[in-house]
Amino acid sequence: MKAMLQRRLPLLTTGAIFAALFIAAGLKYEGFFSSNVAVNLFTDNAVLGLTAIGMTLVIFAGGIDLSVGAVAGFTSIFVATLIEQHGVHPALAGAAALAIGGALGAGMGAIIHWFKQPAFLITLAGMFLMRGCAFWLNTESVGINHPLYARAADIYWEFGPVGVPLVAAILAVGLIIGGVIGHTTRFGRNLLALGGNEQSALLMGLPVGASKVGVYAFSGFCAAAAGLVGTLYTGSGNPSTGIGLELDAIAVVVIGGTVLTGGRGHMLGTVFGLLIFGTIQSVLLFDGRLSPWWARILVGVLLLAFILLQRGLVRAVGKGK
Amino acid sequence: MTAPSPLLTLRGIGKRFPGVVALDGVDFTVRAGEIHALLGENGAGKSTLIKVLTGVYEADAGEIILAGNPLRAKAPADAERAGISTVYQEVNLVPSLSVAENIALGRQPGRFGFLNWRAIRRHARAALARLEIECDVDAELGTLSIALQQMVAIARALDLKARLLILDEPTASLDEKEVADLFAVMRRLRAEGLGIVFVTHFLDQVYAVCDRITVLRNGTLVGEYPIRELPRLALVGKMLGREITATPAAATAATAATGTPLLSARGLSRRGALHALDLDIHRGEVVGLGGLLGSGRTETARLLFGIDPRDGGEIRMKDAACGLRSPRDAVQLGLAFCSEDRKSEGILPNLSVRENLIIALQAKQGGWRTISRAEQERLCAHYIAALRIKTANAEVPIRTLSGGNQQKVLLARWLATQPELIILDEPTRGIDIGAKAEIEALIGKLRADGIAVIFISSEIEEVVRNSTRAVVLRERRHCGEIPGAELTAARLMQTMAGGHVPHE
Amino acid sequence: KTLTVGFAQTGAESAWRTANTDSMKNEAEKRGIILKFSDGQGKQENQIRAVRSFITQRVDAIVIAPLVETGWEPVLREAKRAKIPVIITDRTVQVSDESLFVCFIGSDFYTEGKMAADWLAKAVNGTGNIVELQGTPGSAPANERRKAFADGLAAYPGLKIIDSQSGDFRRSGGKEVMEALLKKHGKAIQIVYAHNDDMALGAIQAIEEAGLKPGQDILIVSIDAIKEAVAAVAAGKLAVTVECNPLFGPKVYDTVAKVLAGETVPKVSYNKDELFDSTNAAAALPSRQY
Amino acid sequence: MTDRLRHFLKSPVLWPLAGIFLLLVANLVLKPGFLTITVLDGHLYGLPIDVLNRGAKTLILALGMTLVIATGGVDLSVGSVVAITGAVAAVLIGQGTDSLVLILGGAIAAGGLAGLINGLLVARLGVQPIVATLILMVAGRGVAQVLTDGQVLIIKHEAFGFLGNGFVLGLPFTIVCATLLYLAVHFALRRTAAGLFIEAVGDNPEASRFAGLATARIKILAYVACGLCAGLAGVMEAANIGAADAQRAGENMELDAIFAVVVGGTALTGGRFLLLGSFVGALLLQMLITTMYNLGVPPAVAPVPKALLILTVCLLQSDRTRRWLGGLFKKKAAA
Ligand SMILES: Nc1ncnc2c1ncn2[C@@H]1O[C@H](COP(=O)(O)OP(=O)(O)OP(=O)(O)O)[C@@H](O)[C@H]1O
Ligand SMILES: Nc1ncnc2c1ncn2[C@@H]1O[C@H](COP(=O)(O)OP(=O)(O)OP(=O)(O)O)[C@@H](O)[C@H]1O
Ligand SMILES: [Mg+2]
Ligand SMILES: [Mg+2]
């Protein structure tokens, strides 16, 4: 039991830091403690959150996926173009986009595994490819006027005083599914084993190739889903969606205590990472006085402080066992 | 014994790596219900044969027949599915996962790909209990000692319902009790009709459990023998391809060392690792560190070498305080440390043998005073010859060498720095008989040259044979010291086990 | 009661944008208005997030400088539901329901591009080979200025765009692309149309380094009218720069005050954009603020 | 000799070289005047010279990046550091500093400081490199903007401008500078044991520490070197365009540098590095960009050829393809 606790330490620390951050912000800014702010953390970070789910699993396996932002961007404009300019039904367009995202991911995974190429480079190529294709489809954003979109924007689930919009709900469900895949399926555990030591995973008879291809496909799928949710969020498709998203997603995953070299991590950590990231953004907006450059420096400093704090806490508690 | 039908037949297996022919037309047969020893010097091709069998490598030639059907394993998963369970030479588990997960990985109980965590833990506990291992199944594997990790690896292999079990040097880091437990299990499995392949460098163990022996030398088959027809000396002769010369001389009963010690440690301690240890070492002494597994021997060595920070205590060299705080300081002071975990703490896998060999010397000299290429090559040539390191040349990456030969390169790395004190932590682990004798001879020579040696080994005989004095640790404390004159296996064992309270 | 206004800026991608931000901030300070400022860092998602946060914070009015035209409908609807007036500045938004925002105060990228084209056609009598230095692909000013210029040229078959590459709105980008284009087309290039001044200034460097005289051998047309560019016009290196006035502050807050007081305001109004060429650059130079 | 040839044929540098060659041929076919170099005022002009000139910055960044990647790290902050150092130089000049030594010293030292921060975070505090340098990547641009107050600062300084636009012996100063730096780094690494130490640390940090290497210090020095290189590149960028643009200077340059290093055959996992490979990789990248201008590829789809190039180089470099190609040749020889 103690060993269990020790292994979960980074996770607990992250959770504690989020709680502290949120409470501190609530005390400082009037109106911060509201269900709206909390739900907005999900709504406003749905695109980021969905990519982070796939990214978490990829990082579990010791890989990295830089293409997610571009895939989201491609999906966004792809869906909008299909619906608006070719009259395709949104459901069909969405399904096609998800299929493309998954297929691209699988392709990258296959190259990474069978040709033993660094994930960083191959997914970088994927990023250039998809971004180029996105702009090739259209350099401008396209508004989506399909009635289904208008209806989707109005979907709210009321839980007492809290109204949960569709976008937030999708993210929540996505996170749960991601957690289930990562922690209660063979596939998820194989990924962790793979990230912990690929040679060992192979010798232990795990399906290394299939897992790798699978996880990149999943990540591509998540990124496409993120692009779709982005079109719901804005009611339009934009080829510039998700520029720089990959770095944010990596940051979220790492803040959540998942180790970039693979083999160690937890989806719940990603949830906390996402919440911390969102809270920092909210605080900046509630403050609203910082000049943009100081805000950037502040984000950097906060990120640093956060990582050091996490480290310090884990070490201190680890010693005091 | 009735002659059981062959369970596994390998015929004419060939495998070449760039620059080396690792296997050349090797035949190998295992029957159901036997324990079959696969023996040979370092680099003879044992591990390679196993990896070809389980699909890690693709053979260049030959065929494999398992229970009458041709086996074409493309990956270890295929071999497992065919009923072959393997413990590879290097511990091959995932250090960042829990013990329970490591045992269950790839065959976790559960439905539709979803896992049943409770069953996984229960299952792991049962698997460990069968080997009488006590450890928390939720602990992260990487936090366990190598020996425990090895036991977990074995538990994992035994957990599989297999027809053929392969153990590649499983006992290298185990202590006697654990070895005994393992043997008990092996015998039981044999009785159940399993075929077992067992690789080891401990001849005692071969004669304790095995039924038949296959000997490899330089990638070729020497022969297959029933155990009774091949006495020890003949076996060694077959492995080496020559008669071994005189067994190494036992350490001369040492005159008690006097004068200022070369190194003296006082109150050396680190929470959770070592409790206030005093230790003096003189020039020309070989101090054997005795102790059971986990008694704190490696921790002592790590503290002496400045790898872990110490909480308290002082280290003096030649009676002068020295600010020994890091391995770098230690190397500058003339210390050397050959660590027990060569994979993660020893080799630089992708660098060449030459670079691995000179790195410590170069570190000692600092970055500016480079060792000339000619000098580097001279050093390599010297040590490759002196330690009989088997390698295509000095420029191949060290990871392509067999485990034992990697170990020899690491030894050479430290000898090249011409240390005043050398700490050898399990230097003979995974090393063949011939090389073992050479290392023992080397220790004698070092001693004669006035170099101090700290010698850590799980083989009691080895400690007794080579040490001029033994310091015994128990539960991370100094618990006794045995001067050379009184050093016998029985006495050492008694002190280690704690059956006898030493007078101090 | 002090007013609280939320301002969702696109980012800080250019000197123009910085001047725009400063104008909004300084004017708010002057009038004692609390300005909640958000830097979108060039991403619409961030801008939407900011607007949603302003709604949660119940500010009195929201000002948006939209990065792109589409994608605002859902969040504007939320603002309307919360009864917070929204003022769009700088460029317009496409929405199905015009009542979603109160009014639009704009500078018009399209008009700027058009002005540049018209000036050029007159200056060179409708003939010449043009290379175009585009802004960041997909960004609003790049899109609009490209389209407007092309539309403007349609009436002059003698004016041809012979090549078009992106310099990313960057000075170094403008220089690099210009170098390559000079090598490729050599003396064929008579006119350069740059989507912003930074690229134009980079192109001037490239032209000078190639041993040609900007202003004489090659005519350069650009947009933004940052101080340095106006100086370049005065020095004869740049032929013309179309001003895009960033000083929105006073007009925006006036409008906010009127809206909150219940007065009606015109749905669309433009900031006056000027044009600086050799005739007026030198005179305008001392009074340039950015 | 044949041995050497065989060695060369196996070298990873071969593929980026082949790539450059292919692009050259493509350019020549499509635009025969491509290779023409003319002399103007005693300076060489022509597209090939431009490629070298433009590639110089990426090249310098790639040199530093090679060291960091060899230690098993990566430095995402170089783009921001380029912006910072440009800003520092501009601010110094703006304040009336006239001594080139002071300006350069100040700016490049700022780069070194940034590298030091990265190094300390990675080596002393054990923060993962991507994360540690991500912090400076985000915050660094803010720092540059604070320095310039968000403006594009104009630089008017004759000697400083020479760094970006000057010519030495008919060649652009930038490429002369980059080549000299390459040689200096090469010899500093290979004539001393520094190169070996870096490779050892990247290959197995734990084992290196056990062998008596000052692992942390070596890593820190690698990051500092990378920061200094970024500083130099930043100065060059500012000198080249005569302005410091905090917002856009060095944007995405970290990706270019990493690209150059990896295409050049240095693995992202650390260990063995190939300085020459990074050099060639940087040139290949620039060659590709210039080719796209030359062919008039629409700017929006410009990333696509880049992606295809990465994929091609990666696939060609992989063992699998080589074995397959090798098999093909053998079959032909047999037939
Ligand atoms: N991956 C590889 N690449 C190149 N050569 C290799 C590789 N693996 C093994 N070899 C070479 O093949 C030969 C046989 O090695 P192998 O590991 O099978 O020996 P071994 O009998 O297991 O020795 P030990 O007792 O030391 O473990 C050695 O010469 C080794 O250098
Ligand atoms: N990295 C580590 N993390 C946690 N515990 C460790 C670690 N290394 C060693 N230990 C524990 O410290 C104790 C002492 O280990 P040590 O390796 O010093 O024993 P030893 O006497 O050298 O035995 P061995 O025969 O394994 O070398 C063991 O119980 C081991 O499990
Ligand atoms: Mg072996
Ligand atoms: Mg030990």
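These numbers come from a predicted model, not from an experiment. Residue numbers start from 1 in every chain, and the chains themselves are labelled A, B, ... in the order their sequence lines are given, proteins ahead of strands.
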**Asked** Is the closest side-chain donor-acceptor distance between C:D197 and C:S222 under 3.5 Å?
**Response** yes
**Message:** As an exercise: rank A:A80, A:A134, A:G143, A:S141 by heavy-atom pairs under 4.5 Å with chain C and give me the winner.
**Reply:** A:S141
**Complete:** So, the part of A:L232 with a heavy atom under 4.5 Å from chain C: the answer is backbone
**Prompt:** Is the shortest distance from a Lys or Arg side-chain nitrogen in C:K25 or C:E29 to a carboxylate oxygen in the other one below 4.0 Å?
**Reply:** no
**Complete:** When the 4.5 angstrom heavy-atom criterion is applied to C:S96 and chain A, the contacting part is neither
**Fill in**
The interface call for A:V47 against chain C, heavy-atom contacts under 4.5 Å, is neither
**Asked** Does C:F101 have C:K267 sitting over its ring (NZ/CZ under 6.0 Å from centre, angle to axis within 45°)?
**Response** yes
**Fill in**
Under 4.5 Å to a heavy atom of chain C? For A:E30 that would be neither
**Item:** Polar side chain donor-acceptor pair, A:N36 to A:S34, under 3.5 angstrom
**Value:** no
**Request:** If the plane angle is over 60° it's perpendicular, under 30° parallel, otherwise tilted; pick one for C:H195 and C:F169.
**Result:** tilted
**Request:** Against chain A, work out which of C:K36, C:Q9, C:E45 has the most heavy-atom pairs shorter than 4.5 Å and name it.
**Result:** C:K36
**Request:** Name the member of A:L284, A:N145, A:V142 that forms the most heavy-atom pairs with chain C at distances under 4.5 Å.
**Result:** A:V142
**Asked** Which bit of C:L35 comes within less than 4.5 Å of chain A, counting heavy atoms only: side chain, backbone, both or neither?
**Response** backbone
**Request:** Name the region of A:F286, side chain, backbone, both or neither, that has any atom closer than 4.5 Å to a heavy atom of chain C.
**Result:** both
**Asked** Do you know which of C:N143, C:T21, C:V68 has the most heavy-atom pairs under 4.5 Å to chain A?
**Response** C:N143
**Asked** What part of A:N238 is in contact with chain C, defined as an atom under 4.5 angstrom from a non-hydrogen atom: side chain, backbone, both or neither?
**Response** side chain
**Prompt:** For C:K251 and C:T89, does a side-chain donor sit closer than 3.5 Å to a side-chain acceptor?
**Reply:** no
**Sole candidate of A:E246, A:M127, A:M130, A:R131 that passes side-chain contact (heavy atoms from CB on, under 4.5 Å) when paired with A:V71** = A:M130
**Prompt:** Does A:F32 have its ring centroid less than 6.0 Å away from the ring centroid of A:F22?
**Reply:** yes
**Asked** OG1/C:T70 to CD/C:Q44 distance, rounded to the nearest 0.5 angstrom?
**Response** 6.0 Å
**Message:** Report which part of A:I243 has an atom under 4.5 Å of a heavy atom belonging to chain C: side chain, backbone, both, or neither.
**Reply:** backbone
**Complete:** Checked C:A142, C:G6, C:S53, C:S38 vs chain A; the most non-hydrogen pairs under 4.5 Å come from C:S53
